[in-house]
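Below is one structure, written out as structure tokens; the observations come after it.
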Amino acid sequence: MPDTDFFSRVKDVVARIPAGKVTTYGAIAEFCGIRSSARTVGWVLNSLKGSNLPCHRVVNRTGALTGKFHFDDPFLMESLLRSEGIEFGQDERVILERHFWKPE
DNA sequence: AAGCTGACCTCGC
DNA sequence: GGCGAGGCCAGCT
């Protein structure tokens, strides 16, 4: 069964995220042409659960790991990000100014 | 078919 | 930066 165009684009973007960098749902949504519906990106990631894509490198606009509870273990996401050299603030938020990556 | 839900974003206070 | 309200697309009941 073929993937939808939207599904394919999001998948491609997530696969492109380099280690030590993070992107936001909004950036992905904008790159896919659906800036108004970043929620759909979250839905795609839910489908991506089980794939080999680094969905842990996707955070929300404030840098909070909103999707960590959707992983097998809530600590896994933060652990992986820290392992890749990503720094966190005091409120468990990623420092987007240093690690933000936008698809080209 | 209609309505609710969701790993969100933007706007205003 | 935080809180509340509105809006978006797709999937599920």
Side-chain angles (χ1 to χ4, degrees):
Chain A
M1 53 179 293
D3 297 334
T4 64
D5 192 50
F6 177 74
F7 192 91
S8 265
R9 283 196 225 186
V10 175
K11 210 164 58 171
D12 185 54
V13 173
V14 176
R16 274 178 168 179
I17 305 176
K21 295 285 181 181
V22 295
T23 190
T24 67
Y25 300 90
I28 298 174
E30 187 178 62
F31 183 79
C32 296
I34 52 164
R35 179 188 60 183
S36 347
S37 303
R39 283 187 147 192
T40 314
V41 178
W43 162 76
V44 174
L45 263 56
N46 189 22
S47 286
L48 262 49
K49 196 159 50 167
S51 301
N52 301 323
L53 300 177
C55 40
H56 59 268
R57 291 179 192 156
V58 184
V59 299
N60 66 340
R61 202 44 173 158
T62 65
L65 311 182
T66 53
K68 67 175 171 183
F69 288 109
H70 289 260
F71 285 80
D72 296 335
D73 292 319
F75 273 96
L76 183 61
M77 190 171 184
E78 182 180 341
S79 188
L80 287 171
L81 292 175
R82 283 184 186 266
S83 180
E84 293 177 353
I86 294 178
E87 301 174 278
F88 288 79
Q90 296 181 344
D91 289 336
E92 309 264 333
R93 290 197 307 262
V94 179
I95 302 181
L96 294 172
E97 292 183 353
R98 291 182 71 150
H99 306 290
F100 178 71
W101 175 86
K102 188 183 146 111
E104 312 178 72

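Chain naming here is simple, since letters A, B, ... match the order of the sequence lines and numbering starts at 1 in each. Just so it is clear, the model here is predicted, and its values are computed rather than measured.
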Measure [atom1]/[X] against [atom2]/[N] and give the value in whole Å, please.
X	N	atom1	atom2	value
A:Leu45	C:dC9	CG	C1'	15 Å
A:Ile28	B:dC8	CD1	P	12 Å
A:Trp43	B:dG6	CH2	P	16 Å
A:Asn60	C:dC8	CG	P	21 Å
A:Tyr25	C:dC9	OH	C1'	16 Å
A:Gln90	C:dG2	CD	P	12 Å
A:Leu96	B:dC8	CG	C1'	14 Å
A:Phe7	C:dG11	CZ	C1'	13 Å

Item to complete: Taking only heavy atoms on the protein side, list every residue of residues 61-86 of chain A lying under 4.0 Å from any atom of DNA chain C, sorted numerically.
Response: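 Heavy-atom cutoff 4.0 Å gives no residues at all.
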Fill in: Selected nucleotide, minimal atom distance to A:Ala38 side chain, candidates B:dC9, C:dA10, C:dC8
B:dC9
Discussion item. Nearest to the side chain of A:Arg93, heavy atoms from C-beta on, is which of C:dA10, B:dA7, C:dG2?
Written reply: C:dG2
Discussion item. If the cut-off is 4.0 Å, is A:Arg39 near the phosphate of B:dT10, judged by side-chain N/O to OP1 or OP2?
Written reply: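 A:Arg39 to B:dT10 OP1/OP2: no side-chain N or O under 4.0 Å.
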Discussion item. Other residues, nucleotides and ligands only: do more than 12 of their heavy atoms fall within 6.0 Å of NZ on A:Lys102?
Written reply: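 Counting neighbours around NZ of A:Lys102, 12 or fewer heavy atoms of other residues, nucleotides or ligands fall under 6.0 Å, so no.
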Spell out, yes or no, whether [X] and [Y] are grouped together once hydrophobic residues are joined by side-chain heavy atoms under 4.5 Å, including indirect joins.
X	Y	value
A:Trp101	A:Leu65	no
A:Phe88	A:Ile17	no
A:Val94	A:Phe71	yes

Worksheet item: Nearest 0.5 Å, what's the CH2-CG distance between A:Trp43 and A:Leu48?
Response: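 Rounded to the nearest 0.5 Å, the CH2-CG separation comes to 9.5 Å.
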Worksheet item: Can you name the nearest heavy-atom pair linking A:Ala38 to A:Ala29, along with the distance?
Response: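 In this case the closest contact between A:Ala38 and A:Ala29 is CA-CB, 3.9 Å.
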Discussion item. Counting the atoms with a prime plus P, OP1 and OP2 as sugar-phosphate, which does A:Ile34 contact under 4.0 Å by heavy atoms, base, sugar-phosphate, or nothing?
Written reply: nothing
Item to complete: Start with the C-alpha gap between A:Arg57 and A:Leu81, add the side-chain angles, then the distance that decides, and say whether side-chain contact (heavy atoms from CB on, under 4.5 Å) holds.
Response: CA-CA 7 Å; A:Arg57 291 179 192 156; A:Leu81 292 175; 4.3 Å; yes
Fill in: Identified stems (criterion: three or more consecutive Watson-Crick or G-U pairs, under 3.5 Å), DNA chain B
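Result, WC/G-U stems under 3.5 Å: B:2-6 with C:9-13, B:8-13 with C:2-7.
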Item to complete: Using a strict cut-off of less than 4.0 Å between a Lys/Arg side-chain nitrogen and an Asp/Glu carboxylate oxygen, indicate whether A:Glu104 and A:Arg16 qualify as a salt bridge.
Response: no
Fill in: Partner set under salt bridge (Lys or Arg N to Asp or Glu O under 4.0 Å) for A:Asp72, not counting sequence neighbours
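Here no residue qualifies.
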